[in-house]
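Notes for the one structure printed next.
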Amino acid sequence: MSNVRVRFAPSPTGSTHIGTARTALFNWLYARRTGGVFVLRIEDTDKERNTQEALDELIDGLKWLGIDWDEGPGAEGEHGPYFQSQRNELYASYLKKLEEAGRTYEKDGAIYFKLEGERYTEFDKYVGAEVEKVKTQPVVIDDLIRGNVTRREERDFVIQRSNGDPSFHFVNVVDDIAMKITHVIRGEDHLSNTSKHVELFNAFGVEPPKFAHLPMILKNPKDGKGKMSKRDKGALIAEYKDRDFLPEAVRNFIALLGWSPKDDQEILSIEELVERFSLDDVQKGGARFDEKKMSHINFEYMKAMPVEAYANSASSALRKAGLIDDATDQDYLVSCLKVCQEKIDSFENLPGFAAYFFSDDYAINEKAEGKVFKKGDAITRIQEITPVLAALEDWTEASLEGAFNQLAESLETKPFAWFPVVRFAVSGTNSGPDFLPMLEILGKERVLERLKKTEEKYA
RNA sequence: GUCCCGUUCGUCUAGUCAGGUUUAGGACGCAUGGAUUUCAUCCAUGAAACAGAGGUUCGAAUCCUUUACGGGACGCCA
């Protein structure tokens, strides 16, 4: 086992964002790749904004994606507790160290970290006021993705708020020290904070960890500019779960946001991800989220599923649409889904695609309706085929094919003279699974009944 | 405004660190054609990019400079 220790440190203040999930995934992959330890630490120092729901959703999302943690809530280790709200004694002791070293001062009830260097006052345009600045030595951030980044911190910052709560920068560093974190993998939005953190590590006399700042996930330009926010379409992990996306597909897709295996392989199992992941191969530039590609990857996974697993996942979508319930025959369900699997690219579209298998109350596609009745012989075709099908004793794909062929021969035409109209009559549309298997699955009774209904309706 | 980071097809990216094997590769999407009773499926083909300008070099997507553009940070939020 290596000595690598990484942490994912979310703050439970809202729905879990796709970027948050990616940060978690990359940390997890790095830990698994290197044989290190993955720590989940909950940064709940902001009592006003933390919620239990957000925490539940976060944990739920991680589990859904197959991300587990070696230390963290529910997996207590020697560095716990893993909620920052329970670590105040530790923070107090570290604060004392800084106080004793003369690196703090109080102002307006808050405690500030005091930078080292010559002090001067300057009008700051951004702040819009005179502020005190410090001529500090530049700090070098050792970043595994970007190389060395040099930055200078020039203003003291708050490490304990006037309400007594320690601030993010402070607890983040203290915990990384206390939890012996070796690699900090987080979003690029933290890159400019990192100089503050390095200042703190230095003040504690501790060698800073290696950093790896992941590129931002950017908005689709039609949603505006900048990084993707929780309000943007497709931004929330819970949304994918609700829409019955496959977790392994979502995981595969977000792994590809800013990282690639460097060859043409795009579909990667979790084992392959672990085996091939490397921080060296992480992209520097921001990545834009593309829902179409996400759907494509999801479809690839859907096609590759064993039928039983497919039926299992599909059931959730069909249940939500009220098409099936506990009474639905499993064998029938499986045979229906078998013919749909190759054709339909998402579970959320499945109910619309396959409703007629489970209900007589299915939608009529008007375009298909127009097409089928344009020729004017549709009703005749139905009247021709109905007695033939009614007389058929053996209701299988093969015998159906024979029946259509025979009729076609006797009328000197092709069997597919009847296909579109019969398909429309039994399904309300002109597209769907292969025709003959579909008839076989629907069954004689249902097919005849729908033919009759159609004849009456359009006669 | 200041500082930091970035920039290869519309999008995700390979190639960049170790300059020549590149008519810059793959995938999504798009277009066209085909298979098919049909299709949201499948197959084939195509259009499509090294941000601009200088430089170094026999040779630059690859190295350097610079401009432009994009992103991030600048909270008693994390």
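All values below come from the heavy atoms of this structure, side chains included, with hydrogens, waters and symmetry mates left out. The sequence lines fix the lettering, A, B, ..., with proteins before strands; numbering per chain opens at 1.
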- Distance, rounded to the nearest Å, where A:E342 contributes CD and B:C39 contributes P: 18 Å
- On a whole-Å scale, what distance lies between the P atoms belonging to B:C43 and B:A27? 11 Å
- Should A:K133 and A:D124 count as an ion pair when the cut-off is N to O under 4.0 Å? yes
- Message: Applying the Watson-Crick and G-U wobble criteria at under 3.5 Å, what pairs with B:G10? Answer none if nothing qualifies.
- Response: B:C28
- Query: Rounding to the closest angstrom, what is the interatomic distance between B:A51 and B:C69 at atom P?
  - Reply: 16 Å
- Item | First encountered from the 5' end of RNA chain B, between A:V127 and A:S260 | A:S260
- Note on the structure: pair_partner(B:C3), Watson-Crick or wobble, both distances < 3.5 Å, evaluates to B:G72
- Query: Is the shortest side-chain N to carboxylate O distance from A:R276 to A:D263 below 4.0 Å?
  - Reply: yes
- Between A:K107 (NZ) and B:C76 (P), how many Å, whole number? 9 Å
- Item | 4.5 Å side-chain heavy-atom contact, A:N172 and A:R186 | yes
- Message: Regarding A:H190, tell me which of base, sugar-phosphate or nothing describes its non-hydrogen contacts under 4.0 Å with the strands shown.
- Response: base
- Rounded P spacing from B:G46 to B:C3 in Å: 50 Å
- Task: Check every strand shown and say whether A:R49 touches a base, only sugar-phosphate, or nothing at a heavy-atom separation below 4.0 Å.
- Result: base
- Query: Rounding to a whole Å, what distance do you find between A:Q265:CD and B:U13:C1'?
  - Reply: 14 Å
- Task: Describe the nucleic acid contact of A:E266 in one word from base, sugar-phosphate, nothing, applying a heavy-atom distance below 4.0 Å.
- Result: base
- Task: Mind checking A:T45 for me? I need base, sugar-phosphate or nothing, with any heavy atom below 4.0 Å counting as a touch.
- Result: sugar-phosphate
- Message: If you only use heavy atoms from C-beta on, which nucleotide in B:A78, B:G1, B:U41 is closest to the side chain of A:F168?
- Response: B:A78
- Item | B:C63 to B:G6 separation - P atoms, rounded to the nearest Å | 12 Å
- Task: Describe the nucleic acid contact of A:S162 in one word from base, sugar-phosphate, nothing, applying a heavy-atom distance below 4.0 Å.
- Result: base
- Message: For B:A48, give the paired nucleotide (Watson-Crick: N1-N3 plus N6-O4 or O6-N4; G-U: N1-O2 and O6-N3; both under 3.5 Å), or none.
- Response: none
- Using purine N1 to pyrimidine N3 plus N6-O4 or O6-N4 for Watson-Crick, or N1-O2 and O6-N3 for G-U wobble, both under 3.5 Å, which nucleotide pairs with B:U37? none
Atom pairs under 3.5 Å, N or O on each side, protein against nucleotides 34-37 of chain B: can you list them with distances?
unit_1, atom_1, unit_2, atom_2, d
B:U37, N3, A:R423, NH2, 3.2
B:U37, O4, A:F435, N, 2.6

- Query: Given atom CD of A:E153 and atom C1' of B:C74, what is their separation to the nearest angstrom?
  - Reply: 9 Å
- note: A:E48, atom CD; B:C76, atom P; distance rounded to Å ~ 14 Å
- Minimum heavy-atom separation for A:L40 to A:Y82, with atom names? O-CB, 3.6 Å
- Query: Nearest to the side chain of A:K262 - B:G72, B:U41, B:U13?
  - Reply: B:U13
- A:D434 to A:R423 - nearest heavy-atom pair and separation: C-NH2, 4.0 Å
- For B:A35 and B:C9, measure between their C1' atoms and round to the nearest Å. 29 Å
- Query: How do A:L257 and A:K225 order along RNA chain B: which one's closest nucleotide is nearer the 5' end?
  - Reply: A:L257
- Remember a base hit wins even if backbone is also touched, and classify A:F123 as base, sugar-phosphate or nothing at under 4.0 Å, heavy atoms. nothing
- A:L218 CG - B:G10 C1' separation (whole Å): 15 Å
- Does a side-chain N-to-carboxylate-O contact under 4.0 Å join A:K320 and A:D244? yes
- Could you tell me whether A:R155 and A:E122 make a salt bridge, using a distance below 4.0 angstrom between a side-chain N and a carboxylate O? no
- Using both distances under 3.5 Å as the test, list the Watson-Crick or G-U wobble partner of B:U21, or none. none
- Task: May I ask you to say whether A:K114 pairs ionically with A:D156, meaning some side-chain N is under 4.0 Å from a carboxylate O?
- Result: no
- Looking across every strand, which nucleic acid part, if any, lies under 4.0 Å from A:D189 by heavy atom: base, sugar-phosphate, or nothing? sugar-phosphate
- Query: What is the distance, rounded to the nearest whole Å, between atom NE2 of A:H296 and atom P of B:U13?
  - Reply: 15 Å
Which atom pairs link the protein and nucleotides 61-68 of chain B when you take only N or O atoms and keep those under 3.5 Å?
none

- Message: Both distances below 3.5 Å, Watson-Crick or wobble geometry, any strand: find the nucleotide opposite B:A53.
- Response: B:U65
- Mind checking A:K414 for me? I need base, sugar-phosphate or nothing, with any heavy atom below 4.0 Å counting as a touch. nothing
- Message: Regarding A:G258, tell me which of base, sugar-phosphate or nothing describes its non-hydrogen contacts under 4.0 Å with the strands shown.
- Response: sugar-phosphate
- Message: I'd like to know if A:K453 pairs up with A:E455 as an ion pair, taking the criterion as any Lys NZ or Arg NE/NH1/NH2 lying under 4.0 Å from an Asp or Glu carboxylate oxygen.
- Response: no
- A:D264 has its side chain closest, among B:G25, B:A40, B:G75, to B:G25
- Message: Under a 4.0 Å threshold between the charged nitrogen and the carboxylate oxygen, would A:E154 count as salt-bridged to A:K135?
- Response: no
- Query: So how far is it from A:L350 CG to A:M302 CE, rounded to the nearest 0.5 Å?
  - Reply: 6.5 Å
Kindly give the atom pairs (protein nitrogen or oxygen, nucleotide nitrogen or oxygen) under 3.5 Å for nucleotides 3-6 of chain B.
unit_1, atom_1, unit_2, atom_2, d
B:C5, O2', A:R146, NH1, 2.5
B:C5, O2', A:E188, OE2, 3.1

- Query: Using the P atom in both, what is the distance from B:G1 to B:C12, to the nearest Å?
  - Reply: 27 Å
- Item | A:R41 with A:E71: basic N within carboxylate O range, under 4.0 Å | no
- Message: Taking B:C5 as the reference, what is the distance to B:A48 when you measure between their P atoms (whole Å, please)?
- Response: 36 Å
- Query: Counting only side-chain N and O atoms of A:K293, is one of them less than 4.0 Å from OP1 or OP2 of B:A27?
  - Reply: no
- Query: Quantified in whole Å, what is the P atom distance between nucleotide B:C50 and nucleotide B:G25?
  - Reply: 13 Å
- Message: When you compare the side chain of A:I185 with that of A:L279, does any pair of heavy atoms fall below 4.5 Å?
- Response: yes
- Query: Contact class for A:N220 (heavy atom, under 4.0 Å): base, sugar-phosphate, or nothing?
  - Reply: nothing
- Message: Using a 4.0 Å heavy-atom cut-off, does A:F289 contact any base of the nucleic acid, only the sugar-phosphate backbone, or nothing at all?
- Response: nothing
- Query: Between A:D223 and A:K233, is the closest basic N to carboxylate O distance under 4.0 Å?
  - Reply: no
- Pairing nucleotide - B:U16, Watson-Crick or G-U, each distance under 3.5 Å: none
- Message: With a 4.0 Å cut-off on N to O distance, would you call A:E291 and A:R243 a salt bridge?
- Response: yes
- Look at all strands and tell whether A:S11 reaches a base, only sugar-phosphate, or nothing, counting heavy atoms closer than 4.0 Å. sugar-phosphate
- Task: Answer with base, sugar-phosphate or nothing: what part of the nucleic acid does A:Q283 contact at a heavy-atom distance below 4.0 Å?
- Result: sugar-phosphate
- Base, sugar-phosphate, or nothing for A:I111, non-hydrogen atoms under 4.0 angstrom? nothing
- N-O pairing of A:R251 and A:E248 below 4.0 Å: no
- Query: Rounded to the Å, how far apart are A:W259 CH2 and B:A27 C1'?
  - Reply: 14 Å
